[in-house]
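Below, read A as the first sequence line, B as the second, and so on, with proteins coming before strands; counting in each chain starts at 1.
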There are 2 protein chains.
Amino acid sequence: MRIGELAKAAGVSVRSLRYYEEQRLLTSTRSPSGQRHFRDADIDRVGFIQRLYAAGLSSRTITELLPCVDAPSETTSDAAMERMEQERERLSAHIEELVRTRDALDVLMATNRAHRKTLRRATAA
Amino acid sequence: MRIGELAKAAGVSVRSLRYYEEQRLLTSTRSPSGQRHFRDADIDRVGFIQRLYAAGLSSRTITELLPCVDAPSETTSDAAMERMEQERERLSAHIEELVRTRDALDVLMATNRAHRKTLRRATAA
DNA sequence: CTTGCCTCTGACATTGATGTCAGGTTTTAG
DNA sequence: CTAAAACCTGACATCAATGTCAGAGGCAAG
């Protein structure tokens with residue numbers, strides 16, 4: 001599978017895939033002429049990477065976690081496990097904060113809706 | 001209240017406060033010598049701004065929403081209401097995605113924990 | 001063979017909030 | 001009064017993922 005095909009399948013840009021490889025998040029074999037060749041499994045892998053990016057993890061952190069995806073059968077380093085715990089906690093905190101922000105937004109919207117209603121009534125009168 | 005005091009009270013840098021003002025998220029009166037002077041209410045305002053930033057809103061978007069906080073008694077423009085709905089939806093989607101990512105992380109951790117246990121047993125034997 | 005599309009490397013640009021530095025003025029404490 | 005600390009403006013730096021461009025080579029179809 002060449003890079004363009006993977007890009008389309010995973011819904012990311014070719015540029016991003018090259019970047020992921022550069023960051024050692026992705027590996028490719030090279031054809032004699034130097035073109036990258038990816039495996040089917042890389043589609044899911046890219047999806048997972050994107051998900052982690054969206055969750056605010058950095059390339060560096062993802063690099064630390066991916067070995068656990070690749071080879072869960074080998075000894076997962078204590079450092080990696082700790083990193084995962086850490087990121088999970090960070091994620092939970094972030095989620096909670098977002099929920100609180102959404103609530104704040106809801107209050108704001110309710111307040112403004114109420115005022116608009118008041119205004120409409122006044123205008124009608 | 002001078003800028004340093006507000007910075008400390010709100011837990012942000014002086015630099016950020018100047019930036020917020022530049023972005024019209026914050027207003028200050030100036031002393032004769034040109035120093036900024038803020039109101040107590042700005043502590044909460046900065047907190048809210050930070051919360052929205054953390055939720056991924058841009059300065060531009062926040063600028064559109066803040067009038068609704070300042071003057072909910074005036075006519076809240078349809079555009080602003082729509083913007084709020086929009087951001088709320090975006091926020092919800094993001095939260096959901098984060099939760100899914102956290103779940104994925106949980107699965108990953110469980111898998112690795114299981115393998116570690118297996119390994120320990122093998123080592124012990 | 002040629003045309004068109006894909007790929008390669010390498011480099012520079014972008015975005016947005018913030019850090020940092022410089023050089024100068026103001027305020028505050030001793 | 002003086003020195004330290006806080007403030008001012010303006011400018012440049014940063015980080016990270018991605019866009020974009022340039023110049024060159026690869027590969028399939030007509």
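- For the pair A:Arg60 CZ and D:dA17 P, the computed distance is 12 Å after rounding to whole Å.
- Nearest-nucleotide positions on DNA chain C for A:Arg18 and A:Arg15 put A:Arg18 closer to the 5' end.
- Nucleotides of DNA chain D nearest to B:Ser33 and A:Leu57 differ in position, and the one nearer the 5' end is that of B:Ser33.
- An OP1 or OP2 oxygen of D:dT18 is reached within less than 4.0 angstrom by no side-chain nitrogen or oxygen of A:Ser13.
- Donor-acceptor pairing under 3.5 Å is lacking for the side chains of B:Gln35 and B:Arg30.
- The shortest heavy-atom contact between B:Val14 and B:Gly4 is CG2-CA, 4.1 Å.
- Between B:Arg102 and B:Glu96 there is no salt bridge, since no side-chain N of the basic residue sits under 4.0 Å from a carboxylate O of the acidic one.
- One finds a salt bridge joining A:Arg90 and A:Glu87 here, because a Lys/Arg side-chain nitrogen approaches an Asp/Glu carboxylate oxygen to under 4.0 Å.
- Here B:Arg30 lies in heavy-atom contact (under 4.0 Å) with sugar-phosphate atoms only.
- Here the nucleotide nearest the side chain of A:Ile3, chosen from D:dC8, C:dT7, C:dA17, is C:dT7.
- Considering only the side chain of A:Gln35, C:dC8 comes nearest among C:dA17, D:dT18, C:dC8.
- Counting any heavy atom pair closer than 4.0 Å across all strands shown, A:Ser31 reaches no nucleic acid atom.
- Here the P atom of nucleotide C:dG16 and the OH atom of B:Tyr20 are 15 Å apart, to the nearest Å.
- Each of C:dT18, C:dT7, D:dC7 was ranked by its minimum atom distance to the side chain of A:Arg2; first place goes to C:dT7.
- Contact annotation for B:Gln50: backbone-only contact, meaning every heavy-atom pair under 4.0 Å involves sugar-phosphate atoms and none involves a base.
- We find that CZ of B:Arg36 is positioned 4 Å from P of D:dT9, with the value rounded to whole Å.
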